[in-house]
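Shown next, in structure tokens, is the structure this report addresses.
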Amino acid sequence: NSIKSITAISIAIMVFCGLSAFIVIVQGIFGFVSPEQVGVIWSDEIKGFQMLVALGRMLGGAAFFGLITAFLIKSIKGLKNGVLFPASNVPVLYFSALALFIYNFCYANGGILTGADHNLLLDTDDITISLIIVVFAMIYKIAVKISDENSLTI
């Protein structure tokens, strides 16, 4: 029964992640194809940095939502096979932390794209949330090891 509940919630999260990734990608593409429709104002002085912010937001967001979906799929498959902590999820969590940091950093600096802000912003929340995911990945790695050892115990 718990597996069914986890699966149902995971599917809802995956749908949300898919929609979020789609929105981030579409906004990113429109920023390059039709900047006036999304409020992007390209400045010759900082255009390279603006492009990095736009690409970072688009690719970082899509990667994060894709990695979360991969984590959930691997977790569901693991549960169905009797594996509570699939080892393949450890690198997914580390890369998720990196992708989320890139996405949040670029999102926080979105004002550079619209001309509203010309200062580089580094929000402590961006670092903190990414580090929490890294710590979670480290704990998850320990859980994988303990689960593997317990499966060998008679």
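Hydrophobic clustering (ILVMFWY, side-chain heavy atoms < 4.5 Å, transitive): Val53 and Ile46 are in one cluster. Follow the hydrophobic side-chain contacts under 4.5 Å out from Ile139 and you never reach Ile133; the two are in separate clusters. Val33 and Leu52 fall into different hydrophobic clusters, where Ile, Leu, Val, Met, Phe, Trp and Tyr are joined by side-chain heavy atoms under 4.5 Å apart, directly or via other members. Cluster membership for Phe136 and Val92, using ILVMFWY side-chain heavy atoms within less than 4.5 angstrom, is shared. Hydrophobic clustering places Ile13 together with Phe64 (ILVMFWY residues linked when any side-chain heavy atoms are closer than 4.5 Å, directly or through intermediates).
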Below 3.5 Å, can you tabulate the donor-acceptor pairs from side chains in residues 16-32 to any protein atom, sequence neighbours excluded?
{"unit_1": "Ser20", "atom_1": "OG", "unit_2": "Phe16", "atom_2": "O", "d": "2.9"}
{"unit_1": "Gln27", "atom_1": "OE1", "unit_2": "Arg57", "atom_2": "NH1", "d": "2.9"}
{"unit_1": "Gln27", "atom_1": "OE1", "unit_2": "Arg57", "atom_2": "NH2", "d": "3.1"}

Give the table of side-chain donor-acceptor pairs shorter than 3.5 Å for residues 102-113, with sequence neighbours excluded, one pair per line with atom names and distance.
{"unit_1": "Asn109", "atom_1": "OD1", "unit_2": "Leu121", "atom_2": "N", "d": "2.6"}
{"unit_1": "Asn109", "atom_1": "ND2", "unit_2": "Phe105", "atom_2": "O", "d": "2.8"}
{"unit_1": "Asn109", "atom_1": "ND2", "unit_2": "Leu121", "atom_2": "O", "d": "2.9"}

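Under a 4.5 Å side-chain heavy-atom criterion applied to ILVMFWY residues, the cluster that includes Ile146 comprises Ile142 as well. Residue Val83 is found outside any hydrophobic cluster, as its side-chain heavy atoms come under 4.5 Å of no other Ile, Leu, Val, Met, Phe, Trp or Tyr.
Scored by the ring-ring contact (aromatic ring centres under 6.0 Å, His included) test, Tyr140 finds Phe71, Phe85 as partners (sequence neighbours excluded). Legend: residues meeting side chain to side chain contact (heavy atoms under 4.5 Å, CB included) with Val134, ordered by chain and number and at least two apart, are Tyr94, Ala97, Met138.
Using modelled atom types, one side-chain atom of Gln50 and one backbone atom of Ile41 make a donor-acceptor pair closer than 3.5 Å.
Between Thr7 and Lys4 there is no side-chain heavy-atom pair separated by less than 4.5 Å. The shortest distance between side-chain heavy atoms of Leu84 and Leu79 falls below 4.5 Å.
Taken from NZ in Lys145 to CD in Glu149, the straight-line distance is 5.5 Å, to the nearest 0.5 Å. The distance from the CZ atom of Phe101 to the OG1 atom of Thr128 is 10.5 Å, given to the nearest 0.5 Å. In this structure, Ile6 CD1 and Ile11 CD1 are separated by 12.0 Å, a value rounded to the nearest 0.5 Å.
The heavy-atom pair separating Val144 from Ala87 by the smallest distance is CG1-CB, 3.6 Å. The minimum heavy-atom distance between Ala137 and Leu93, with the atom names listed, is CB-CB, 3.6 Å. Closest heavy-atom contact between Ala99 and Ala63: CB-CB, 4.0 Å. Taking all atoms of both residues into account, the shortest heavy-atom contact from Ala70 to Asn89 is O-OD1, 4.3 Å.
Heavy-atom contacts from other residues, nucleotides or ligands closer than 6.0 Å to CD of Glu36 number more than 12. Within 6.0 Å of the CZ atom in Phe49, the count of heavy atoms belonging to other residues, nucleotides or ligands exceeds 12. Environment of CG in Asp125: crowded, with over 12 heavy atoms of neighbouring residues, nucleotides or ligands closer than 6.0 Å.
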